[in-house]
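Worksheet for the structure shown next.
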Amino acid sequence: MSVVIIDYGSGNLHSAAKAFERAAREAELDLSIAVSSDPDLVAKADRIVLPGVGAFADCRRGLDAVPGMVEVLQRRVHEDKRPFLGICVGMQLMATRGLEHTVSYGLDWIHGDVKAITPSDPGLKIPHMGWNTLTLAKPHPLLDGIPTGPDGLHAYFVHSYALTPAHPDDVVATADYGSPVTAIVGRDNLVGTQFHPEKSQALGLKLIANFLRWRP
Amino acid sequence: MLKVRLIPCLDVKDGRVVKGVQFVDLVDAGDPVEAAKAYDAAGADELCFLDITASHEARGILFDVVQRTAEACFMPLTVGGGVRSVDDIRKLLLAGADKVSINTAAVKNPDFVREAAEKFGNQCIVVAIDAKKVSGESEPSRWEIFTHGGRNATGIDAIAFARQVAELGAGELLVTSMDRDGTKGGYDLALVRAIADAVSVPVIASGGVGNLDHLVDGVEKGHASAVLAASIFHFGTHTIAEAKGYMADKGLKMRLDKTA
């Protein structure tokens, strides 16, 4: 089995790759993990991971700057239904539109917009930065064996914008930051985490292992 | 609910851990990667490396330290010290840092903060504010920005500077009292609170922790989102677990996950 973490110039993917390698090793999964900007490799991959840090529009531009990448993603993920994991801005890119600084378009796999977090409590800082627990909206194989709720494990968030899916059914989990903030979206073969599993210690490694085993 | 972050900081010089008392008298105390792994296993919420390597030639060692740490620790890592250019930031992020802290370069040219935030995103730009109290006993409190380990006064008001860099795109501020650093007398709570209340971004309190109550005070009285300490952990006075347990007992919301 092959996993490709898409490199499109958005941040360092070395530590993400190491987290996937460790999760695979601990779960005793035999697979190859590649960090690549080659659409041909993505076209052959069994599982696809789209990371992303920074601004939505920059990430979209970065993705568009790799010839053929968006087309391959649409084909491989949307049509061939390969398991797909978006992380942070990679998750936000699954949305219809991003409204950070300017309006730019996402992949439109999860209908909805990515908008600024506006906590009702002015004492809450932006970015939403640090460790938060998850509130489960619907069961999902990626959360198998991961305790959620107020006494559950924590995930590491750092973001000022959040995806609000148009269909509430696309929300898998939220985090409480004054009001619920979308933490995980999912539908069919698609899943995305607003938090960083590769920085989320025990929860992160478990979630990555679950993704590597996932048969949607 | 979002938890208070406890951040151990490692001062790194020529690839080795040191901890300065008031940024002088350095004591060598170990390999940063080993220390990072120990803190990771102990449940630290983030790690901070402050590089105090003087010579430019020795800077390469830091990238190796950062890379080896990022490969072994699946938690956020902030690296600061000597960051002067967009290229310095890029190299640290590529080595595996999640956030880069800017100090003197932001003081010299606040627009560098904007440039860095636009290039890499607010979330990875931390501005380190080193301040000293300059007002007298009977005057209203006033703090000034100091650079070069507290030796150089700049005349810049710390609160105004904090507001300015937050607006320019800093995603977080690391506020160190140069009066308190290394004293074990506790944070300058008035300074931390004045800045935390003035900006909308998270503030990390730093400088002066000598006991666990100081950590609690940083959040409760200083209004900090995160608290940083070095020597109380590094010399084994307290463990991360003790500190987090103590803070939770005092009513702070802490992450007490069992670590793998």
Side-chain angles (χ1 to χ4, degrees), chain A residues 10-23 26 52-56 58-59 88-89 100-101 119 122-133 135 147 150-161 175-178 181 196-206 208, chain B residues 1-7 40-41 43-46 66-77 90-99 117-126 166 169 171-173 196-197 199-204 223-226 253-260:
Chain A
S10 177
N12 166 50
L13 305 177
H14 190 65
S15 54
K18 289 286 169 188
F20 275 75
E21 282 169 15
R22 178 154 146 193
E26 286 179 359
V53 294
F56 187 103
D58 287 344
C59 286
C88 198
V89 182
E100 183 172 358
H101 307 309
L124 289 175
K125 301 288 190 175
I126 298 291
H128 172 219
M129 184 188 285
W131 297 87
N132 210 329
T133 45
T135 305
D151 298 320
L153 290 177
H154 292 77
Y156 187 81
F157 290 83
V158 49
H159 63 124
S160 303
Y161 293 78
D176 175 20
Y177 197 55
V181 171
H196 287 270
E198 78 281 16
K199 296 290 163 190
S200 294
Q201 292 186 330
L203 177 149
L205 291 171
K206 181 86 186 154
I208 292 169
Chain B
M1 178 177 279
L2 192 71
K3 303 304 188 292
V4 169
R5 285 172 286 150
L6 177 61
I7 307 174
D40 185 27
D45 296 311
E46 291 188 24
V66 170
Q67 180 164 341
R68 287 189 293 125
T69 302
E71 285 174 5
C73 299
F74 302 114
M75 63 188 309
L77 173 65
R90 179 181 293 112
K91 279 185 189 154
L92 286 171
L93 294 175
L94 285 176
D98 298 289
K99 302 187 239 183
E118 280 176 2
K119 191 92 197 155
F120 305 107
N122 302 22
Q123 83 291 335
C124 66
I125 304 301
V126 180
E172 189 170 39
L173 304 179
D197 290 352
V199 298
S200 61
V201 299
V203 164
I204 307 168
H223 300 175
S225 300
K253 303 293 177 199
M254 305 301 296
R255 180 181 69 112
L256 302 170
D257 292 352
K258 283 194 179 62
T259 45

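Every heavy atom of this structure was used, including side-chain atoms; hydrogens, water molecules and symmetry mates were not. Sequence lines set the chain letters: A, B, ... in the order given, protein chains first and strands last, and positions in each chain run from 1.
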With side chain to side chain contact (heavy atoms under 4.5 Å, CB included) as the test, would you mind laying out the steps for A/Met129 and B/Arg5 before giving the verdict? CA-CA 9 Å; A/Met129 184 188 285; B/Arg5 285 172 286 150; 3.6 Å; yes
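- Heavy atoms only, all atoms of each residue included: A/Ile126 and B/Pro202 are closest at O-CD, 4.0 Å.
- Between B/Asp45 and A/Trp131, the shortest heavy-atom distance links the atoms O-NE1, 2.8 Å.
- For a residue to count as touching a neighbouring chain, one of its non-hydrogen atoms must lie under 4.5 Å from one of that chain's; by this rule B/Leu2 touches chain A with backbone and side chain alike.
- Residues A/Thr133 and B/Lys3 meet the side-chain proximity criterion, which asks for heavy atoms closer than 4.5 Å.
- When heavy atoms are compared at a cutoff of 4.5 Å, B/Lys99 approaches chain A solely by way of its side chain, counted from C-beta outward.
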Check against side chain to side chain contact (heavy atoms under 4.5 Å, CB included), B/Gln123 and A/His159: CA-CA 7 Å; B/Gln123 83 291 335; A/His159 63 124; over 6 Å; no
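- Distance check, rounded to the nearest 0.5 Å: CZ of A/Arg22 to CD of B/Glu71 gives 12.5 Å.
- Residue contact with chain B, scored on non-hydrogen atoms closer than 4.5 Å, involves the side chain of A/His14 exclusively.
- For A/Ala175, no part lies near chain B; criterion is any non-hydrogen pair under 4.5 Å.
- With a threshold of 4.5 angstrom between heavy atoms, A/His128 approaches chain B through side-chain atoms but not through N, CA, C or O.
- A/Leu153 contributes atom CG, which lies 11.5 Å from atom CG of B/Leu256 (distance to the nearest 0.5 angstrom).
- Remark: A/Lys18 NZ to B/Cys73 SG distance equals 13.0 Å, nearest 0.5 Å.
- When heavy atoms are compared at a cutoff of 4.5 Å, B/Asp98 approaches chain A solely by way of its side chain, counted from C-beta outward.
- The part of B/Ala72 that comes within reach of chain A is its backbone (N, CA, C, O), which places non-hydrogen atoms under 4.5 angstrom from that chain.
- Judged by distance alone, with hydrogens and angles left aside, the side-chain atoms of A/Lys125 form no donor-acceptor pair with the main-chain N or O of B/Glu172 at under 3.5 Å.
- With a threshold of 4.5 angstrom between heavy atoms, B/Val199 approaches chain A through its backbone and through its side chain.
- Atom CG of residue A/Asp58 and atom CZ of residue B/Phe120 lie 11.0 Å apart, to the nearest 0.5 angstrom.
- No other option in B/Gln67, B/Glu46, B/Met75 has as many heavy-atom pairs under 4.5 Å with chain A as B/Met75.
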